[in-house]
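A, B, ... follow the sequence lines: proteins, then strands. Residue 1 opens every chain. The figures here come from the full heavy-atom set of this structure, side chains too, leaving out hydrogens, waters and symmetry mates.
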Amino acid sequence: MSDPLSILDQLGAELSACFKQLGHAPDCGAVRESDRPDLAPFQCNGAMAAAGALKKKGEKSNPRDIAAAVVAALEGNSKIERLEIAGPGFINVVPSPALVNLRAGELAADARTGASLISSAKTIVIDYGGANVAKPMHVGHLRSAVIGESLKRLLRYRGHTVIGDVHLGDWGLQMGHLITELEDEQPSLPYFDAALTDNYPEDSPVTMDDLARLYPAASNKAKTDKARMERSRIATAQLQQGRAGYRALLAHFIDVSIRALKKGYGALDVDFDLWKGEAAVDPLIPAMIEGLKAQAITEEDDGALIIRVGEESEKKETPPVMLLASSGAVLYHTTDLATLLDRKNELNPDLILYVVDQRQALHFEQVFRAAVKAGWYEREQMQHLGFGTMNGKDGTPFKTRDGGVLRLEDLLSMMREAASARIAAQGMGDKFSAEELSDITDKVGVAALKFADLQNQRMTNYIFDIERFTAFEGKTGPYLLYAAVRIKSILRKAREAGKAAGPVALSEPAETQLVLALDAFDRALMAASDKYAPHILCEHVYRIAQSFSRFYADCPILADNVDEAVSASRLTLAQTVLRQLEQGLELLGIGVPDRM
RNA sequence: GGACCCAUAGCUCAACUGGAUAGAGCAGCUGCCUUCUAAGCAGCAGGUUGCAGGUUCGAGUCCUGCUGGGUUCGCCA
């Protein structure tokens, strides 16, 4: 049995059959949401397309005549209330009240409020997060985490098998920096005694704060001090060659960092199935390199081992993939290639998505081409979903007033503070227990933050403005929560009053408009997941909240003068809106409090 | 210099495969709380879609050129 169709699809089916019957291509009957909702909720532009097709065949025709024939043929169709021809041949389509009413009942009865499941499920890996060992999370990590998490949930809800991997940066020069800087601070630690190979302490010699201090200290010194840089390079090479003390230290660094990161991502309601990193694929590298050499796709160049990935059509050749530096060290390309191999072996995914800053587009293009050359994947199986940077008001990447990076932790507490100030200003502060208050401020803060980010199109840069992030009115996360909370409040009151939900019977325009908005859920989900574009889902949930707010203002539900059947119908509508709204928000990674 | 991205209302952003009068929010102005949470609702105002051409019934969207901004270009990750 197939899923019941949306109103739009049902109307499209009627129009398509009609176009076909009149000798035109069926897809001319495609119906879409109208650009002129004041005239009709739906429109069909196929008459123009049909006329265009005839013209190509050398036949003259008038799109308005074609439209008129379609309208005449559909006379009396029970799903259609009214058809009108406008302009050069647009057909405005108004669905019949019976159709809308029937569909409202279907949506209310459906656990997924109209959301379909994909017919062929894929195994998809999403590589997002992008945090590094030893570096505290800052606003630069926000977009990847928030967008990646939403895409993961969205694709899963559509029916795919999705594996999220944080893919930590834990294998580069930064590790050498940390090791050498720690050695300068605490030279007596056993990890630095090259004679020792075992029995290192179980407890980490450093905390997250230590790491956060050590790395920039070393990095700054190395910028001007060549000898200092060389020590870090050597330590990195020795680590990669397997020096036991360094490996033991690395394990501590990773462990300490993951614990901190789980907390940081947890505060954002972001979690990963895999906490793998670059170090995890290190054991694969020697055999991988041998394999690539055996395929004769590598070459030596200036002492480095490379894979050329240029293509004929390029005016200027894309730079090669660097497998081994002339020093013999493993590079970013190498670990990312090894990760692709690891995923092939362990998960054999159909698709791998990288939610990473757009600035790394070239890097991924290189690595993907190498993986294709190696015969591991088809090019279409790997996609870099870049996103623009978060800029300050001056148009350059965001910095705090004193020029530093804004820690994610600090941003979140700013959000919470703003939320809590807002509750106080409402005079609601004493209505909630301390526990509930803290839950509300968390949720409002996260909703504001995530929605502000996700509603932007992925690729473009956007301006980070704390004033705007902590705005709680208009097209914001808290507005959406507010709509959901108002419904919850009504449903509580209905329960207390012993009023039950009942069959849907629409009467007011605000009700019809609300049902039409709900019925667009599946389209929004399909478009958002096909294009990997959460902002499309943001647009939908916002429309739902808006439609509900109008309904709320126009259509009393529990008031004494409301007829029992009307009240029951509106309760069903309200429940359905809440279910879809909460589901949509969950797919954006946004949780809803009970009250606010 | 090569490659990629972007330019839409005062500000921040939308616009599905090329469709009618380019939409939201904020800021501004008018109304609406003795009735389900006013973090709300209704309304007004705001535009030569960076510039110049081209393709066609029809262009913010496609093509060419230009201007202005951003990113990136083998041994950092």
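Ionic pairing of A/E181 and A/R228 is present here: one or more N-O contacts between side-chain nitrogen and carboxylate oxygen are shorter than 4.0 angstrom. Salt bridge A/K488/A/E582: present, at least one basic N to carboxylate O contact under 4.0 Å.
Shown here are the ring-ring contact (aromatic ring centres under 6.0 Å, His included) partners of A/Y332, two or more places apart in sequence or in another chain: A/H363. Applying the ring-ring contact (aromatic ring centres under 6.0 Å, His included) rule to A/F42 yields no partners; only residues at least two apart in sequence or on another chain are considered. With sequence neighbours excluded, no residue forms a ring-ring contact (aromatic ring centres under 6.0 Å, His included) with A/Y532.
Residue A/H535 is classed as a sugar-phosphate contact, given heavy-atom separations below 4.0 Å to backbone atoms only. Within the nucleic acid shown, A/C555 comes within 4.0 Å of at least one base atom, counting heavy atoms only. Using a 4.0 Å heavy-atom criterion, one finds that A/L173 contacts the sugar-phosphate atoms exclusively. Using a 4.0 Å heavy-atom distance criterion, A/Q457 is classed as a sugar-phosphate-only contact. Counting any heavy atom pair closer than 4.0 Å across all strands shown, A/M459 reaches sugar-phosphate atoms only and no base atom. Counting any heavy atom pair closer than 4.0 Å across all strands shown, A/T460 reaches sugar-phosphate atoms only and no base atom. Residue-level contact check: A/G169 touches neither bases nor backbone, having no heavy atom under 4.0 Å from any strand.
The stretch residues 300-312 of chain A touches RNA chain B through A/D302, A/A304, each having a heavy atom under 4.0 angstrom from the strand.
Look at the C1' atom in both B/A9 and B/A15: the space between them is 15 Å, to the nearest Å. The same atom, P, is picked in B/U8 and in B/G2; the two are 25 Å apart, to the nearest Å. With both ends at atom C1', the span from B/U49 to B/G68 equals 16 Å, rounded to whole Å. B/C41 sits 46 Å from B/A52 when the C1' atoms are compared, rounded to a whole Å. Nucleotides B/G19 and B/G23, compared at atom P, are 13 Å apart to the nearest Å. With both ends at atom C1', the span from B/U17 to B/A27 equals 36 Å, rounded to whole Å.
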Could you walk me through whether A/R308 and A/D301 pass the salt bridge (Lys or Arg N to Asp or Glu O under 4.0 Å) check? CA-CA 10 Å; A/R308 293 204 184 277; A/D301 194 77; 3.5 Å; yes
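Counting only heavy atoms from C-beta outward, the side chains of A/L337 and A/L323 approach each other to under 4.5 Å. The side-chain heavy atoms of A/P534 and A/L154, taken from C-beta on, include no pair separated by under 4.5 Å. Side chains of A/M596 and A/R486 form no contact here, defined as non-hydrogen atoms less than 4.5 Å apart.
Whole-Å rounding puts the A/Y462 OH to B/A14 P distance at 11 Å. Atom CG of A/N132 is separated from atom P of B/A77 by 11 Å (rounded to the nearest Å). Rounded to whole Å, atom C1' of B/C36 lies 11 Å from atom CZ of A/F551. Rounded to a whole Å, the CH2 atom of A/W171 is 16 Å from the P atom of B/C76. In this structure, A/Q240 places its CD atom 12 Å from C1' of B/C76, rounding to the nearest Å. A/I463 places its CD1 atom 15 Å from the C1' atom of B/C26, with the value rounded to the nearest Å. Taking atom CE of A/M175 as the reference point, atom C1' of B/C76 lies 13 Å away to the nearest angstrom. When the C1' atom of B/C5 is taken as reference, atom CG of A/N456 falls 15 Å away, rounded to whole Å.
Listed by first and then second residue, the side chain to side chain donor-acceptor pair (under 3.5 Å) pairs involving residues 555-575 of chain A are A/E511-A/R570 (not counting sequence neighbours).
Here the shortest heavy-atom pairing between A/S547 and A/A517 reads OG-CB, 3.6 Å.
Between A/Y479 and the options A/F451, A/F548, A/Y542, A/F472, a ring pair (Phe, Tyr, Trp, His ring centres under 6.0 Å) holds for only A/Y542. Applying the salt bridge (charged side-chain N to carboxylate O under 4.0 Å, His left out) test between A/E311 and each of A/R369, A/K316, A/K373 identifies A/R369 as the sole match.
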I'd like a table of donor-acceptor pairs (distance under 3.5 Å, sequence neighbours excluded) in which one partner is a side-chain atom from residues 166-177 of chain A, with atom names and distances.
residue	atom	partner	partner atom	Å
A/H167	NE2	A/D336	OD1	3.1
A/D170	OD1	A/E278	N	2.8
A/D170	OD1	A/A279	N	2.7
A/Q174	NE2	A/G169	O	3.1
A/H177	ND1	A/S232	OG	2.8

Between side-chain atoms of residues 422-431 of chain A and protein atoms elsewhere (two or more places apart, or another chain), which donor-acceptor pairs fall under 3.5 Å?
residue	atom	partner	partner atom	Å
A/R422	NE	A/Q426	OE1	3.0
A/R422	NH1	A/E473	OE2	2.5
A/R422	NH2	A/Q426	OE1	3.3
A/R422	NH2	A/E473	OE2	3.0

Using atom types as modelled, flag every donor-acceptor pair under 3.5 Å from a side chain in residues 130-143 of chain A to any protein atom, sequence neighbours excluded.
residue	atom	partner	partner atom	Å
A/H138	ND1	A/G140	N	2.9
A/H141	ND1	A/H138	N	3.0
A/R143	NE	A/D453	OD1	3.0
A/R143	NH1	A/G388	O	3.2
A/R143	NH2	A/D453	OD1	3.3

Per-nucleotide pairing state of RNA chain B [Watson-Crick or G-U, under 3.5 Å; [ ] pseudoknot-crossing; | other strand]: (((((.(..((((.....[...)))).(((((.......))))).....(((((..]....)))))).)))))....
Any N/O pairs under 3.5 Å between the protein and nucleotides 17-20 of chain B? List them or say none.
residue	atom	partner	partner atom	Å
B/A20	OP2	A/D35	OD2	3.1
B/A20	O2'	A/R36	NH1	3.1
B/A20	N6	A/N92	OD1	2.5
B/A20	N1	A/N92	OD1	3.2
B/A20	N1	A/N92	ND2	3.3

Dump the pairs, protein N or O against N or O of nucleotides 71-73 of chain B, anything under 3.5 Å, distances to one decimal.
none

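Using cut-offs of 30° and 60° for the angle between ring planes, the A/Y462 and A/F469 rings count as parallel.
You'll find that the side chain of A/E539 is closest to B/A14, out of B/G74, B/C36, B/A14.
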Footprint string (nucleotides 37-45 of chain B, 5' to 3'): B base within contact, S backbone only, - free, heavy atoms under 4.0 Å: BSBSSS---
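A sub-4.0 Å separation between OP1 or OP2 of B/A14 and a side-chain N or O of A/R543 is absent.
To the nearest 0.5 Å, atoms CZ (A/R231) and OG1 (A/T236) are separated by 11.5 Å.
The nearest heavy atom of RNA chain B to A/A361 and to A/T236 marks one nucleotide each, and the one closer to the 5' end goes with A/A361.
Using a 90° window around 0 for the glycosidic torsion, B/C33 falls inside it and is classed as syn. Taking syn as a glycosidic angle within 90° of 0, B/G18 does not qualify and is anti.
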